[in-house]
Amino acid sequence: MFVFTGLTNDGRLIPFLFLFFLIVYIMTVIGNTGMIAIVKKTAKLNTPMYFFLSYLSLVDLIYSTVITPKMLSDLISSRRVISFNGCAIQFFFFAALAGTEIYILADMSYDRYVAICHPLHYASIMTNCKCFCLVFLAFFIGFIESYIQVNCVFRLQFCRSNLIDHFYCDVPPLLKLSCSDTLYCDLVTVYSVATCTIGSLSPILISYMFIFSTIIRMKSAEGKQKAFSTCSAHLICTSLFYISVFFTYLRPSSGYFDVQEQFEKQDRVASVFYSVITPMLNPLIYSLRNQDVKTVLFRALSSLRNARIRLFNRN
């Protein structure tokens, strides 16, 4: 068994944190499930952009479920324990889905590049087969990289304290507990994080270089505004995810480069943000920033209101 230190031991904060994160998780489930249903049920949204968005919502939904329910139960439990195999499974899906998410965000940036820079050839470039292959590749790379990390970390000997200084199973606090030589795992983890970051961030940056270059050359102010509006939601979601991940894992004072240092409070806050808060924000951001999604939502709410009025009049 491993034991988590959890988010806090302050009994005064626990009721507030439990209620807050419960609301966040419920909104995450409703928001992402609703986004998937809207995309699947609305013919107007059967486009590559919304195809990727539906898979992003699916990943966010599962990704949040891997972490949040256990965190909630630990907040109100006196025993914050997890089995060795349970820890391995939690980290495997957490790392796999986190990797998958950033590659799907890279797919979405490529889709926006084609839509803005090659609008006349958009339908011929972004075919159904190509979109499916890009999503499959994102899942494949994410799960392969996660398997490599799990296979490395959970082969180590753990003979020190079983207290994980975190609220879920992650590599840095686990390596602190190992009495084995962790150099190989450090190198594997750094390589995985670097590969994942470079492999996903590079196409995003390159795509937006071409996108901004094309937007600047547009003569129509309306065309510029429309182009920016189609990219703004993706830019916000990508920035939120990368900033929080970078703050946790890639800054010099903590993360994979010095696993012996204690996880600082700000690292834990950043972990909460990208593992719990971001999956809730993504569908909300796309709902508020995307006119097509807002139109469908307003129509659905209007239909629901009319149905309730008709039911009330019958009674």
Side-chain angles (χ1 to χ4, degrees), residues 7 14-47 49-76 90 93-94 96-98 100-102 104-105 107-108 135 138-139 142 167-168 229-230 232-241 244-245 269-312:
L7 285 173
I14 287 175
F16 168 76
L17 291 176
F18 179 83
L19 182 60
F20 174 75
F21 288 119
L22 179 62
I23 293 172
V24 167
Y25 182 62
I26 292 173
M27 291 179 64
T28 300
V29 172
I30 294 173
N32 286 290
T33 304
M35 184 64 72
I36 294 169
I38 288 172
V39 172
K40 295 299 181 184
K41 296 294 183 179
T42 307
K44 185 180 178 181
L45 302 184
N46 288 332
T47 62
M49 182 175 75
Y50 296 105
F51 174 80
F52 292 127
L53 180 56
S54 65
Y55 276 98
L56 181 68
S57 294
L58 177 64
V59 169
D60 278 334
L61 179 62
I62 304 173
Y63 176 64
S64 177
T65 302
V66 169
I67 301 296
T68 311
K70 175 62 177 169
M71 183 188 71
L72 288 171
S73 66
D74 286 344
L75 276 172
I76 57 175
Q90 185 187 56
F93 283 102
F94 162 73
L97 293 167
T100 301
E101 173 151 343
I102 61 176
I104 290 179
L105 289 171
D107 293 341
M108 295 174 77
V135 170
F139 275 92
F167 61 93
Y168 65 86
S229 67
T230 62
S232 59
H234 177 262
L235 273 173
I236 294 170
C237 292
T238 303
S239 300
L240 287 174
F241 190 86
S244 55
V245 169
V269 171
S271 298
V272 169
F273 193 83
Y274 75 77
S275 63
V276 180
I277 304 297
T278 301
M280 177 199 68
L281 291 178
N282 284 346
L284 185 63
I285 291 169
Y286 272 96
S287 299
L288 295 176
R289 300 293 301 177
N290 191 290
Q291 188 60 45
D292 291 334
V293 176
K294 284 195 289 186
T295 301
V296 172
L297 283 174
F298 286 142
R299 287 177 181 173
L301 292 173
S302 178
S303 299
L304 181 62
R305 185 187 63 180
N306 293 336
R308 291 180 63 183
I309 292 174
R310 287 194 298 267
L311 181 61
F312 178 78

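Note: hydrogens, waters and symmetry copies are ignored here, and every other heavy atom, side chains too, is used.
When every heavy atom of F167 is checked against every heavy atom of I67, the shortest pair comes out as CE1-CG2, 3.9 Å. Residue S64 comes nearest to P69 through the heavy atom pair O-CD, 3.8 Å, listed as atom of the first residue, atom of the second, then distance. Considering every non-hydrogen atom in both L53 and M35, the closest pair reads CD2-SD, 3.7 Å. Nearest heavy atoms, V39 versus N46: O-OD1, 3.4 Å.
Proximity of I62 to F93: side-chain heavy atoms (C-beta onward) are nowhere separated by under 4.5 Å. Side-chain contact check for M280 versus V276: every heavy-atom pair is 4.5 Å or farther apart. Side-chain contact check for L72 versus F18: some heavy-atom pair is nearer than 4.5 Å.
Looking at residues two or more places apart in sequence or on another chain, you find no side-chain hydrogen bond (donor to acceptor under 3.5 Å, both in side chains) involving T100.
Remark: F51 CZ to I104 CD1 distance equals 9.0 Å, nearest 0.5 Å. To the nearest 0.5 Å, atom CE of residue M108 and atom CG of residue L235 are 11.0 Å apart. With rounding to the nearest 0.5 Å, the separation of CZ in F139 from CD in E101 is 10.0 Å. From L7, atom CG reaches atom CG of L75 across 5.5 Å, with rounding to the nearest 0.5 Å. Separation of atoms CG (L240) and OG1 (T278) is listed at 6.0 Å; rounding is to 0.5 Å. The distance from atom OG of S239 to atom CG of L105, rounded to the nearest 0.5 Å, is 10.0 Å.
Annotation: salt bridge (Lys or Arg N to Asp or Glu O under 4.0 Å) contacts involving residues 62-71, sequence neighbours excluded, comprise K70-D74. Applying the side chain to side chain donor-acceptor pair (under 3.5 Å) test to residues at least two apart or on different chains, the pairs with a partner in residues 52-63 are D60-N282. For residues 14-34, there are no salt bridge (Lys or Arg N to Asp or Glu O under 4.0 Å) pairs, not counting sequence neighbours.
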Distance-only donor-acceptor pairs under 3.5 Å for side chains of residues 21-29, two or more places apart:
unit_1 : atom_1 : unit_2 : atom_2 : d
Y25    : OH     : T65    : OG1    : 3.0
T28    : OG1    : V24    : O      : 2.8

